[in-house]
Number of protein chains: 2
Amino acid sequence: MSRVINKSPLLNQATREKVEAVIADLGYVPNPQARALALRRNFLIGLIHDNPNAQMVLGVQEGILDTIRKTEFALVVRPVDRHSPTMFDDIRHFIEQQRLYGVMLLPPISENDELARMCRDLGCTVVRMGSARLDDDAHLVASNDRQAVSEAVAWLAELGHRRIGFVAGPEGFRSARERELGFADGMTRAGLATEPELAARGDYRFESGLAAGAQLLSVDRPPTAIFCSNDEMAAGVLHAARARQIDVPDDLSIVGFDDTATAAHIWPPLTTVRWPIAAMAQAAASKLIDPANAASQPSFFLSDLVRRASTVPPRE
Amino acid sequence: MSRVINKSPLLNQATREKVEAVIADLGYVPNPQARALALRRNFLIGLIHDNPNAQMVLGVQEGILDTIRKTEFALVVRPVDRHSPTMFDDIRHFIEQQRLYGVMLLPPISENDELARMCRDLGCTVVRMGSARLDDDAHLVASNDRQAVSEAVAWLAELGHRRIGFVAGPEGFRSARERELGFADGMTRAGLATEPELAARGDYRFESGLAAGAQLLSVDRPPTAIFCSNDEMAAGVLHAARARQIDVPDDLSIVGFDDTATAAHIWPPLTTVRWPIAAMAQAAASKLIDPANAASQPSFFLSDLVRRASTVPPRE
DNA sequence: TTGTAAGCGTTATCAA
DNA sequence: TTGATAACGCTTACAA
């Protein structure tokens, strides 16, 4: 019977149909625990992440679930701490213990090649989510951050901005790097020079945005627009502007990245870049549960610019 | 040997120690799949939720993980749609299929007694998270929303507010009801009368806060402070005030509930009530994995008021 | 092509 | 108190 369920190629049509009829008749459902024992691998897919942001993690969970809902797979999650010295061992133990079928890695830990290799060596398929080509198509879903940022800058230039500030993400993060490259692309394409005094670096957190904003807004000729590498820092820049009585958006346009809940709820609502998280997670889950067809699932996803009230033409 | 691992009471000390030595020596780790098969129950605890808010779900996941990290348990999540007619069947199938050890139910679906009963009938321990005494101590972790709101109102009264508006949550939600009761308590205790024209109802979403704010601020003598049953609606009220050129906090103080990321990032930063989510989730997980001692874990948790810039004394 | 039986790694039952 | 052995429900190698 297991031959029917597992679609073994060597059995004839008649028997198969007969067995299938009986299966349907009895309402038989295979027991995943028994299969797991026999196959030495569980029908579980693991989501390993270091909480890049709550909305994203939850969006990914929902996307994965959409894909596995009608299957026998279940989703098991594992938040980890990338600063913990035991992270590798924790993850190894987790995968071995649960005999995971596959794991999905979220940024920023998805950028760690060594981690991905370890998971693979443990005999478990890996799909990484990221903002650049971190891996081959079968093991990757990525957003094209570079292009998205470049387009956001183009939009600011189109509005008439000439002095555009940039708040980078933390060094060592691939997403931060891609966004930097995208910013440079956009400026070049718009024929604008990037000035060092209009660039600051943050760590993707609110407070660092506050500091970066204070820095960029205190130069002699402050920017009329600032692109921030994520929404949280954009909120920080907004607060920094407010503290200096600089009106947003009239005196300063701000663009963020991620389209978190915050982006829509702050004032003014933030123009930002939105990842198609659900679609990415669905594709990733498909790759995980069906590695044979993994490469045929889409790997690259275009983010789009959500235009809100935080961006207007510069004041004359 | 399983007698050693499972701490069977009927075996003598000497043998136990001998076996334990060998176990340690071999670095033996039991195989969860085999145990699951033999015991007909998996070492998985399920988190079933209808996404009350991303931050909260993720906080719960982290709390649960803190508790189960050193155990053989794993956390499997199941987002569901409470409006789907198949929700019950989905959940039943999920529990039966995965042979869950226990499930944790998050609000608002945790308020559904029938659902809790079904899970229990499936032979799986249930712990419900809520904002009131939904169940007995062994199967409940709850925040005391009623008291927390009452204290928030007391704080507004202390600042000198007399006309305090209220934005309720959706009917049928226990949390909404508790917060309403807490508001009434607080007003009574402060010797203030609740006026019908200063109350509006929302559905916990931003847009409904916008509408509620518009409504409350257009009455003849508008309130000088508004308590909102969650942060998202508070953000809506804030936008409504802004649209009417009403300055927050000088002309209007606002209080929210939940302490979401938004609360800290909007301007002005929102005074709000914070649930001790992590502690609650840890206690809940303890109850789940050790039902025998469930009742000895704390069940009630006090939320605290996070005082931020959105609340100031009323203008004279 | 199909039936049969031997694992998979535990727990639980039954004698010893 | 302990040791041996039959489940648990599936997959798979081997025979038929």
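Hydrogens, waters and symmetry mates are skipped; everything else that's a heavy atom, side chains included, is used. Naming convention: chains lettered A, B, ... in sequence-line order (proteins, then strands); numbering from 1 in each chain.
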Minimum heavy-atom separation for [X] and [Y], please, with both atom names.
X      : Y      : value
B:F300 : B:A132 : CZ-C, 4.5 Å
A:A284 : A:V141 : N-CG1, 3.8 Å
A:N42  : A:Q98  : CB-O, 3.2 Å

Parallel, tilted or perpendicular: which one describes the rings of A:F43 and A:Y101, with boundaries at 30° and 60°?
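Judged by the thresholds at 30° and 60°, the geometry between A:F43 and A:Y101 is parallel.
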For atom NZ of A:K18 and atom C1' of C:dT1, their distance in whole Å
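My rounded result for the distance is 12 Å.
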State, to the nearest 10°, the angle formed by the axis through the first five base pairs of the helix from C:dT1-D:dA16 to C:dA16-D:dT1 and the axis through its last five.
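It works out to 50° between the end axes.
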Is there any salt bridge (charged side-chain N to carboxylate O under 4.0 Å, His left out) pair reaching into residues 72-86 of chain B, and which pairs are they, with sequence neighbours excluded?
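For residues 72-86 of chain B, and leaving out neighbouring residues, the salt bridge (charged side-chain N to carboxylate O under 4.0 Å, His left out) pairs sorted by first residue read B:R35-B:E72, B:D50-B:R82.
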What residue among A:H49, A:M129, A:R174 forms side chain to side chain contact (heavy atoms under 4.5 Å, CB included) with A:P107?
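Considering A:H49, A:M129, A:R174, a side chain to side chain contact (heavy atoms under 4.5 Å, CB included) with A:P107 is found only for A:M129.
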Would you mind building the protein contact string for nucleotides 6-16 of chain D? One character per nucleotide, 5' to 3', B for base within reach (heavy atoms under 4.0 Å), S for sugar-phosphate only, - for untouched.
--BBBSBB---
Heavy-atom side-chain contact between A:D258 and A:W275 under 4.5 Å
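Result yes, sub-4.5 Å side-chain heavy-atom pair found.
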Ion pair A:D113/A:R128, N-O distance below 4.0 Å:
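The answer is yes: the pair qualifies as a salt bridge.
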